[in-house]
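Heads up, the thing below is written out as structure tokens.
Per chain, numbering begins at 1; letters A, B, ... match sequence-line order. Please read these numbers as outputs of a predicted model, since none were measured by experiment.
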Protein chains: 2
Amino acid sequence: MSEQTQPAEVAEIDPALERLVHDMIGRVADKWTLLILEILEDCGELRFTEIGRKVEGISQKMLTQTLRQMERDGLVKRTVHPVIPPKVEYKLTQLGHSLSYAFCGVWTWAETNIGKVEEARAAFDARQ
Amino acid sequence: MSEQTQPAEVAEIDPALERLVHDMIGRVADKWTLLILEILEDCGELRFTEIGRKVEGISQKMLTQTLRQMERDGLVKRTVHPVIPPKVEYKLTQLGHSLSYAFCGVWTWAETNIGKVEEARAAFDARQ
DNA sequence: CAGCATCCTAATAGATACTG
DNA sequence: CAGTATCTATTAGGATGCTG
């Protein structure tokens, strides 16, 4: 990273965009979002309560909230079937899939390095 | 995903590991952690207050807390120089660097798709 | 300089009850 | 079934003051 030699090139990104990107990541890296993303990636289209059952420990409130958020961000498509009792299905959009793929690296990192992290924690705690 | 036909194959990951991984990601996907990770990746080794100045808007409390957390998790190395006034430097460990790389995908995704997300939001809000 | 301790507020998440 | 609404408990985080 040597952007001082090419002033107009990388430009260190403009601060406004950078903030937006941070906000995006903050939003999208949310625990429940990640879990729902994962499940919809695995299972395809699911109903509201099916997602609720598959996402261990999520409250109905958080489920609604997170799904609404993801829908608003264009990550999931919500389909309401006009039947009684109501049937609402959720699936990832193309954008949702692409985010899911983007997270593969982090996911893999976590799986492969969790041992090292726990080791580091143990060592740190032992030092105190 | 049909794990009932191949019991030992994908195994859907064991739930305990999965939870650990989720916790890991939740921890590591934290806003301040990401920002500090980014800055240390760019700048190499930095002092406490230097990081504070570079991370826009972070309070001293959050800086301390996040750095301590990252140190505990083995992401950063903290070096105390026994001088007066005190000089403490922080740099990424190998593990920290690897996490930083793992996040590249998400980072890139956010940069390239922020437009689509804002578009989706506008469309969603217009619908309400 | 690099922090720790304390207090206080604001945002978040859970539990619970109700509805088209 | 798929939510909404409300209340409460927990937590994250900021402001401030102090110290080796």
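Within the structure, a side-chain polar atom (N or O) of B/Tyr90 is placed less than 4.0 Å from OP1 or OP2 of C/dG3. At least one side-chain nitrogen or oxygen of A/Thr49 sits closer than 4.0 Å to the OP1 or OP2 atom of D/dA2. Considering only side-chain N and O atoms, A/Arg78 lies nowhere under 4.0 angstrom from the phosphate OP1 or OP2 of D/dA2. Note on A/Arg53: every side-chain N or O is 4.0 Å or more away from OP1 and OP2 of D/dC1. Using a 4.0 Å cut-off, some side-chain N or O of A/Arg47 falls inside it from OP1 or OP2 of D/dA2.
Between the side chain of B/Gln60 and the base of C/dC4, at least one donor-acceptor pair of N or O atoms lies under 3.5 Å.
Ring pair B/Phe103/A/Phe103 is perpendicular by interplanar angle, where above 60° counts as perpendicular and below 30° as parallel.
Looking only at distances, a side-chain donor or acceptor of B/Gln128 sits under 3.5 Å from a matching main-chain atom of B/Phe124.
Nucleotide C/dA2 holds its C1' atom 16 Å from the CD atom of B/Gln65, rounded to whole Å. Separating the CD atom of A/Gln69 from the C1' atom of C/dT12 is a distance of 13 Å, rounded to the nearest angstrom. Summarising the geometry, the separation between NE2 on A/His81 and C1' on D/dC1 is reported as 13 Å, rounded to the nearest angstrom. At whole-Å resolution of the value, CD1 in A/Ile58 and C1' in D/dG3 are 14 Å apart. To the nearest angstrom, C1' of D/dT11 lies 15 Å from CG of A/Asp30.
Judged by closest nucleotide on DNA chain C, B/Glu89 is the one of B/Glu89 and A/Trp32 placed further toward the 5' end.
Using a 4.0 Å heavy-atom cutoff across all strands shown, B/Lys61 reaches at least one base atom of the nucleic acid.
Residues B/His81 and B/Val88 fail the side-chain proximity criterion, which asks for heavy atoms closer than 4.5 Å. In this structure the side chain of B/Glu18 reaches within 4.5 angstrom of the side chain of A/Glu38, judged on heavy atoms.
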